[in-house]
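Heads up, the thing below is written out as structure tokens.
Every chain is numbered from 1, with letters handed out A, B, ... down the list of sequences. Worth knowing before you read on, the calculation uses all heavy atoms, side chains too, and leaves out hydrogens, waters and symmetry mates. Everything numeric here is computed off the predicted structure, so don't read it as measured data.
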Number of protein chains: 2
Amino acid sequence: MTPPASLPSRQRGPGRPREFDTDLALDRAIAVFSERGYHGTAISDLTQALGLTAGSLYKAFTDKRGLFLATFDRYVALRAEGLRAALDAASTGRAKIRAVLDFYADSSHGPDGRRGCLVVASAVDLATADAAVAARVAGALDVNEGRLAALVALGQADGTVAPHLDAAVTARLLLCVLQGMRLIGKTGRHATEMAAVADGALKLLD
Amino acid sequence: MTPPASLPSRQRGPGRPREFDTDLALDRAIAVFSERGYHGTAISDLTQALGLTAGSLYKAFTDKRGLFLATFDRYVALRAEGLRAALDAASTGRAKIRAVLDFYADSSHGPDGRRGCLVVASAVDLATADAAVAARVAGALDVNEGRLAALVALGQADGTVAPHLDAAVTARLLLCVLQGMRLIGKTGRHATEMAAVADGALKLLD
DNA sequence: TTGATTGGGAAACGATCATTTCCTATAAGG
DNA sequence: CCTTATAGGAAATGATCGTTTCCCAATCAA
């Protein structure tokens, strides 16, 4: 229907070109999988939300699990991109950690908060049944934890975080706060509630 | 087969008595629903784990959702009971909060941690689709948050928690830490890791 | 233009799902 | 003893699930 855009996954080989934007489809799949979970999402839910027929969907992503994995990867990439932007706007280690907390507070209130985090949803829905998903969830959390540890160390180097703290433990503790915000955000919280949590968590750096 | 025990739900009316212990069946259902999620659990999974046929299961719990709700309530009651015991062993407000943190650290490592929390699983799996489940999840979290707020206030009264802290915000922050521990515990953590998180969280009371 | 290759899409497929039936067994009340 | 009421359990039921098939359209290489 619409003229084809650039295809990142296949650089114009033979055959009919894809008519839909893969990333846009994955963006919509993020919303569906996030609020319904993997097992709670039917192919019909996806075809309706993505505006695709089952045939096209299977041609592009092999099967439901393949679509989920691609959706998961896109979600992690998008979140990392947004977080990087928030981090670049802060200078000191403490300010960067505050930026992370604020980023999660922003994501954990209102309708977006209710929709929830796809990593959290994957951890509880698939991590015990699917080894590949479990590895990606653990990897995403490890990246997050490692990033926090680096920021704590940065803050200790620039004097904005207490030097006696164990960076690894503090990072793990902050990770719990972040994931906990995402979890309780599913019950519908106000922006001010979550902002206060983010503020209070800074005490962990003293 | 076995002689009937005491039936709490029905005090010996007419008809054939139930042959299985309802609470024992629910205890097994907790494990199944916790690690597979609601949508990921099939009736056949439950009949196998509980040692019941589908007919008996439907006679006792109406349908899958009814069994889930009963399982959820039993889980919350069991957790509250365990937590109460841990709380009674501590005297000061700070000691009681430490007991809560240790209780969650104990639940969030190893195989039990991997199995996960049924409240967390319900929050991400059903809270957006089922209003009754959403209300129970929100209620369970509210009870937890209120209990933490009372303990913070208790600690401020007995001088073991910093008096200038906002009890409500600190309680919400602690709730995030607890739920976050449950979440990252799904990726398989060691007891020492989670114990360190519990220790570090006490800094929030200074 | 022709052949090879891929995507779009409706319909069909077998499998599995939650649930119900139907029958037998076991109790209480009269 | 007879009626009523509930539980146990195997089998059947209809719906829905994920997936495939089949046919046509669109593009590239020659």
Round to a whole Å and report the spacing from [atom1] of [X] to [atom2] of [N].
X        : N       : atom1 : atom2 : value
Leu57(B) : dT6(D)  : CG    : P     : 18 Å
Arg18(A) : dC28(D) : CZ    : P     : 15 Å
Tyr58(A) : dA11(C) : OH    : P     : 18 Å

_A cation-pi test, strictly: NZ or CZ of Arg79(B) under 6.0 Å from the centre of the six-membered ring of Tyr104(B) and no more than 45 degrees from its axis. Yes or no?_
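Judged by the rule, Arg79(B) and Tyr104(B) form a cation-pi pair.
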*With Phe68(B) via ring-ring contact (aromatic ring centres under 6.0 Å, His included) - residues at least two apart*: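 Per chain and number, Phe68(B) pairs via ring-ring contact (aromatic ring centres under 6.0 Å, His included) with Phe33(B), Tyr38(B).
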_Non-neighbouring partners of Arg182(B) that pass salt bridge (charged side-chain N to carboxylate O under 4.0 Å, His left out), sequence neighbours left out_ =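 With sequence neighbours excluded, Arg182(B) shows a salt bridge (charged side-chain N to carboxylate O under 4.0 Å, His left out) to no residue whatsoever.
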_Of all pairs that satisfy salt bridge (charged side-chain N to carboxylate O under 4.0 Å, His left out), the ones with a partner from residues 82-91 of chain B, not counting sequence neighbours_ =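 Pairs touching residues 82-91 of chain B that pass the test: none.
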*Quick one: closest heavy-atom pair of Gln156(A) and Ala167(A), and the distance?*
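Between these two residues, the closest heavy atoms are OE1-CB, 4.3 Å.
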*Spell out protein contact along nucleotides 21-26 of chain C as letters: B when the base is contacted, S when just the sugar-phosphate is, - when no protein heavy atom is under 4.0 Å; keep the 5' to 3' order.*
----BB
*Near DNA chain C, which residues from residues 39-53 of chain A have a heavy atom under 4.0 Å away?*
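Listed by number, they are Thr53(A).
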*Return yes if a side-chain donor-acceptor contact under 3.5 Å exists between Arg189(A) and Thr187(A), otherwise no.*
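There is such a pair between these side chains.
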*Under 3.5 Å, is there a donor-acceptor pair linking the side chains of Thr53(A) and Ser56(A)?*
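Note: Thr53(A) and Ser56(A) side chains meet the donor-acceptor criterion.
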*Residue Asp63(A), side-chain atoms from C-beta onward, closest of dT19(D), dA5(D), dG7(C)*: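 Per side-chain heavy atoms of Asp63(A), the pick is dT19(D).
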_Checking Arg114(B) now: which residues fulfil side chain to side chain donor-acceptor pair (under 3.5 Å) with it, not counting sequence neighbours?_
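Testing Arg114(B) for side chain to side chain donor-acceptor pair (under 3.5 Å), a comparison that skips the adjacent residues, returns none.
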